[in-house]
Amino acid sequence: VAASAQCVSGTTTVSVRSSFPNRAANAVAWNGTALAVAKTENVLTHPIYVSLYSDALGRLTDDVQVAPGSNNGPLALLWNGTEFGLFYQNQNLRLVLQRISAEGQPIGSGVIVAPARPVFAADEFDITWDAHRQAYAIARVAAQGPDRGLWFWSVRPDGTIAAELQLYFFLATPAHPHIAVTANGTTGIIFDHSAGGIYYIAIAPDNTFTLAQLLPTIGHDARLAVRGNTFAIASTAVTNAGNAIRWLRFNANGTALAPESTIFVSPREVSLSSLIATDREWALAYNDAPTGTPEYRLRRFEDDGTIISDAVFSPDHLTTSLSTRYPFVWTGTSYISPVALFVNNTQGSDSYLIRNCPLRGTPVPNATLVAILDTVQFTADVSGGKPAYKYFWDFGDFSTPSTFEAPTHKYDRTGTYTVTLTVVDAVGATSVETATVRVIREKRRVVRK
């Protein structure tokens, strides 16, 4: 049996200080076959470029300018199933949507979103793609003026507004708004309230919305993610034991599915980068000791908070102290994040793309149909994680387990057996995968005439 393609963690350099043009990696988005990377050039007008990379971080296209200028680079880069959408504030602080093709080329010019609305420097945005409405979902905190408060905009791919709702009045900044959409089309928005606590508002597909409610968390500055119809937040809190990252899952009604729990406590200062969900797990990028010797880390865990692994995001020690304000993405085989170190306006930035391949160990028998007492050769097809690996084989027949990488085994009874391979890597990450072997009394012989 041929082994599957190996996923190898690594980094690639995007920009180097004092090397011009200095275009630092910012927001990233995955379209299923390619990674779009938005880059901001280190000049006064902050033009934005986009280029495509492979899952293995190989460069696919040259940089293409998609915005002649911006306030401070991208706000978000999203894939909507057909094309990429780049959001940024122009130099007049207007929110702009620039459409970009799957090949990384701009489609038309940028469209100003809600041009009649006043804008201010302290305005805050969070943006996601709403597959249910087939529109971009935008949470906007208007910092002052007659629009002051929390707004929801549903924006079509062409930049026109499908819905506009003012959800909450007189909200103080920074409110750290975050938005996510469930599979059935409920939009959830969280924000920090000036009086303390994290509040949640749900918007139904028909654009009716609930009153803001206080979530049962002691944290603040949370990150929001969704899997199916379940929301989750990770937040930080100062406790007697140290600086904690907290974890809470809740449904679209804002009802907690279990009491909030502590994922872990650090004696050092911690800050959150982003939280995402895959079909297998939750993943949190965070900075440990951002005011000391920082580490940009990736923590993977189950629904109940059980740790899968917690390690530095990057395999390159030169980039472990770098971080980002942009979400990382899951490609189906790896997590990819931009990281950057801004030096100054003269020298520019060092920036990189980081690929983190989660540990996965698949049991591969040399045959899945065997006779009693036939020798079955098992091999472990392992990718990702951090070597060295430890192996634990359960052959499913109550026999003595094996800790070899490639053991052999004989079955003395007929039946169908589930073989379980557990692999543990050097940082404690665990992978559990299974295979099936069917044992018959004897193999049928083929008589050739």
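- Ring to ring, Y136 and F87 are close: their centroids are under 6.0 angstrom apart.
- Between T306 and D304, the side chains place a donor N or O and an acceptor N or O closer than 3.5 Å (distance only, hydrogens not considered).
- Inspection of the R300 and S309 side chains reveals an N or O donor paired with an N or O acceptor under 3.5 Å.
- Checking N42 against T40 by side-chain atom types alone, no donor-acceptor pair falls below 3.5 Å.
- For the 3.5 Å distance criterion, the side chains of D310 and Y286 qualify, holding a donor opposite an acceptor.
- For the residue pair S273 and N287, no side-chain donor N or O sits within less than 3.5 Å of a side-chain acceptor on the partner.
- In this model, no donor atom of one side chain and acceptor atom of the other lie less than 3.5 Å apart for T403 and K390.
- For the pairing with S337, the side chain to side chain donor-acceptor pair (under 3.5 Å) check across Y296, Y326, Y352 returns one residue only, Y296.
- For R23 and S15, the side-chain atoms include no donor-acceptor pair closer than 3.5 Å.
- Checked by atom type, the side-chain pair T217/E260 shows a donor-acceptor distance below 3.5 Å.
- Side-chain contact of T187 with R133: a donor-acceptor pair under 3.5 Å is present, judged by distance alone.
- Checking D62 against S51 by side-chain atom types alone, no donor-acceptor pair falls below 3.5 Å.
- No side-chain donor-acceptor contact under 3.5 Å links T319 and T11.
- For the residue pair Y49 and E41, a side-chain donor N or O sits within less than 3.5 Å of a side-chain acceptor on the partner.
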Side chain to side chain donor-acceptor pair (under 3.5 Å) for S314 and D316? Distances and angles first, verdict last.
CA-CA 5 Å; S314 172; D316 180 356; 5.4 Å; no

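- Between S9 and N356, the side chains place no donor N or O within less than 3.5 Å of an acceptor N or O (distance only, hydrogens not considered).
- F191 has its ring centre no less than 6.0 Å from the ring centre of Y200.
- With 3.5 Å as the limit, one finds a donor-acceptor pair spanning the side chains of D288 and S266.
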